[in-house]
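Counting starts at 1 for both ligands and their atoms, in listed order.
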Amino acid sequence: MMAATAPRSYLPVDLAGQKVLVTAGGSGIGLVIAEAFLARGAQVWICDIDEAALQKARETLPGVHASLADVADPAQVAALFVEIRQAFGGLDVLVNNAGIAGPTANVEDVSPEALAETLGINVGSQFFCASEAVPLMKAAGRGAIVNLSSIAGRLGFSMRSPYSASKWAVVGFTKSLAMELGAHDIRVNAILPGHVRTERFNRVAAAKAVALGITAEEMRRQMLDPVSLKRNVEVEDIANMALYLASPFGRNITGQAISVCGDVQMMR
Ligand code: NAD
């Protein structure tokens, strides 16, 4: 377990009353983003496919709204937004956080099903949620959308081509939406996390270590070696960037792909 030991501290922005949806907020980065927005006074809705994780989140984040929804399924996204419109009456901030690692394999060994699943969750979910959120934001005359990409959306990532392709797609989607929605004062940005200190980092390193026939520890060392700061970033670094982009301090920032990665030079 690589959880951060110090208590998390969040950017002192005032988001009182802001209505926020964080997809895949039951665990990992999404859960911490939800915690950060709640800590800054926002009303927060999370969704996830894991009911046990949602139940735990309801207990650890008092006041959070939580629904079971697979955001890769447009029908489930539509149902989620029926709930959100009824309870919140609108939406100010959408954090498109859901994303899976996808297969670790050479391109000729990636099945069409694994490719479709990776693109469906990592790109389709963002598209479906934005499609539902944008009319609410247009009606309000403002809004902020934060899409989770990855440093693999700026660099190549061997044996992870579906993931990397999906995360580059997120950047293209972000830039296109920013152009489309700027006149409505709806800002759209992407965060590109590097190697975040989470269980997922361990899982990803372990999967690639097996594929390359080396130990997981050696794989983690190799992954962090081409990082200028030579360390993982923390989950709260990602949450603080999301807070900043959603806050009035980010009012003139849109269409950007912002890395929070310690300066990753290459992906291993
Ligand atoms: P994670 O693997 O820990 O998963 C977080 C949650 O997503 C889980 O609770 C899971 O049940 C939920 N989920 C998965 N598919 C879903 C779906 N279709 N609908 C709803 N919920 C779903 O993920 P994470 O590490 O917290 O990553 C969050 C985002 O950040 C992803 O988009 C990921 O690609 C990106 N990212 C993560 C890292 C990292 O090091 N962890 C690095 C770069 C980018």
Side-chain angles (χ1 to χ4, degrees), residues 1-4 21-36 45-58 60-61 66-77 79-80 94-102 116-129 146-155 157 160 162-171 173-174 190-208 220 223-224 227 231-239 241-242 257-262 264 267-268:
M1 178 66 191
M2 299 184 68
L21 169 63
V22 183
T23 68
S27 68
I29 293 171
L31 181 67
V32 177
I33 292 175
E35 178 183 86
W45 203 296
I46 58 173
C47 69
D48 206 287
I49 48 171
D50 182 343
E51 178 53 39
L54 287 174
Q55 188 47 38
K56 207 168 158 197
R58 288 185 193 101
T60 55
L61 300 180
S67 305
L68 201 59
D70 178 348
V71 284
D73 176 353
Q76 293 189 39
V77 172
L80 170 68
L94 167 64
V95 182
N96 271 323
N97 167 69
I100 58 166
E117 183 189 30
T118 309
L119 295 176
I121 296 176
N122 295 9
V123 187
S125 72
Q126 299 200 357
F127 190 95
F128 303 140
C129 290
V146 177
N147 295 328
L148 268 290
S149 174
S150 162
I151 195 64
R154 201 188 289 290
L155 301 170
F157 200 1
R160 293 286 301 284
Y163 181 75
S164 185
S166 74
K167 292 303 186 178
W168 280 76
V170 167
V171 173
F173 179 58
T174 300
I191 301 177
L192 282 58
H195 302 303
V196 185
R197 191 191 307 273
T198 57
E199 278 307 319
R200 181 200 184 102
F201 173 71
N202 288 339
R203 286 200 307 271
V204 164
K208 194 137 188 187
R220 285 195 294 271
M223 287 168 78
L224 292 180
V227 180
R231 60 181 183 236
N232 292 94
V233 297
E234 305 297 339
V235 187
E236 72 198 86
D237 301 329
I238 311 304
M241 182 56 75
I258 300 172
S259 301
V260 180
C261 68
V264 178
M267 300 290 284
R268 286 204 164 116

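Rounded to the nearest 0.5 angstrom, N97 CG and L148 CG are separated by 4.5 Å. Taking CE of M241 as the start and OG of S259 as the end, the distance is 9.0 Å to the nearest 0.5 Å. Of the inter-residue distances, the one linking N96 atom CG with S149 atom OG reads 12.0 Å to the nearest 0.5 angstrom. Atom-to-atom distance recorded for I151:CD1 and I191:CD1 is 12.5 Å, nearest 0.5 angstrom. Annotation: the span from I121 atom CD1 to D70 atom CG amounts to 6.0 Å, rounded to 0.5 Å. Between F128 atom CZ and L80 atom CG the span is 13.5 Å, to the nearest 0.5 Å.
At least one heavy atom of A98 sits under 4.0 Å from some atom of ligand 1. Residue contact check for ligand 1: K167 places a non-hydrogen atom closer than 4.0 Å to it. Within the 4.0 Å heavy-atom shell around ligand 1 one finds A69. Ligand 1 has no atom lying under 4.0 Å from any heavy atom of A152. Judged by the shortest distance from any of its heavy atoms, R203 lies inside the 4.0 Å radius around the atoms of ligand 1. Assignment of V71 to the shell around ligand 1 is supported, since a heavy atom sits closer than 4.0 Å.
Using a cutoff of 4.0 Å between basic side-chain nitrogens and carboxylate oxygens, E51 and R58 are scored as salt-bridged.
Summary of contacts: the protein heavy atom closest to atom 10 (C) of ligand 1 is D48 OD1, 3.4 Å. Looking only at heavy atoms of the protein, atom 42 (C) of ligand 1 is closest to G194 O, 3.1 Å. When hydrogens are left out, the protein atom nearest atom 31 (C) of ligand 1 is N97 O, 3.2 Å; that is the closest non-hydrogen contact. At the shortest separation from atom 26 (O) of ligand 1 among protein heavy atoms lies I29 N, 2.7 Å. Of the protein's non-hydrogen atoms, R200 NH1, 2.9 Å is the one closest to atom 23 (O) of ligand 1. Of all protein heavy atoms, the one lying nearest to atom 8 (C) of ligand 1 is S27 OG, 3.2 Å. In terms of protein heavy atoms, atom 3 (O) of ligand 1 is closest to G28 CA, 4.0 Å. For atom 18 (N) of ligand 1, the nearest protein heavy atom (residue, atom name, distance) is D70 OD1, 2.9 Å.
Within ligand 1, the atoms closer than 4.0 Å to a non-hydrogen atom of Y163 are 33 (C), 34 (O), 36 (N), 43 (C), 44 (C), numbered from 1 in the order shown. Residue-ligand proximity, G99 to ligand 1, at heavy-atom distances under 4.0 Å covers atoms 31 (C), 32 (O). Heavy-atom contacts of D50 reach the following atoms of ligand 1: 11 (O) (cutoff under 4.0 Å). Within ligand 1, the atoms closer than 4.0 Å to a non-hydrogen atom of T198 are 41 (N), numbered from 1 in the order shown.
In terms of heavy-atom proximity, S67 sits nearest to W45 at OG-NE1, 2.9 Å. The nearest pair of heavy atoms linking K208 to R268 is NZ-C, 3.4 Å. Residue V170 comes nearest to N122 through the heavy atom pair CG2-O, 3.6 Å, listed as atom of the first residue, atom of the second, then distance. Scanning all heavy atoms of the two residues, the minimum distance from G262 to V233 falls at N-CG1, 3.9 Å.
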Stepwise side-chain contact (heavy atoms from CB on, under 4.5 Å) check, K56 with L31: CA-CA 10 Å; K56 207 168 158 197; L31 181 67; over 6 Å; no
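At under 3.5 Å, not a single nitrogen or oxygen of H195, backbone or side chain, sits near a nitrogen or oxygen of ligand 1. Among the atoms of S150, none of the N or O lies under 3.5 angstrom from an N or O of ligand 1.
By heavy-atom distance, the residue among I49, I151, V196 lying nearest atom 16 (C) of ligand 1 is I49. Which of S259, C261, G153, S149 comes nearest to atom 35 (C) of ligand 1 through a heavy atom is settled by distance: it is S149.
A distance-only check finds no donor-acceptor pair linking the side chain of R160 to the backbone of M267 [under 3.5 Å].
Contact annotation: for A24 versus ligand 1, heavy atoms closer than 4.0 Å belong to both the backbone and the side chain.
Side-chain contact between F201 and R197: absent, with no pair of heavy atoms (C-beta onward) separated by less than 4.5 Å.
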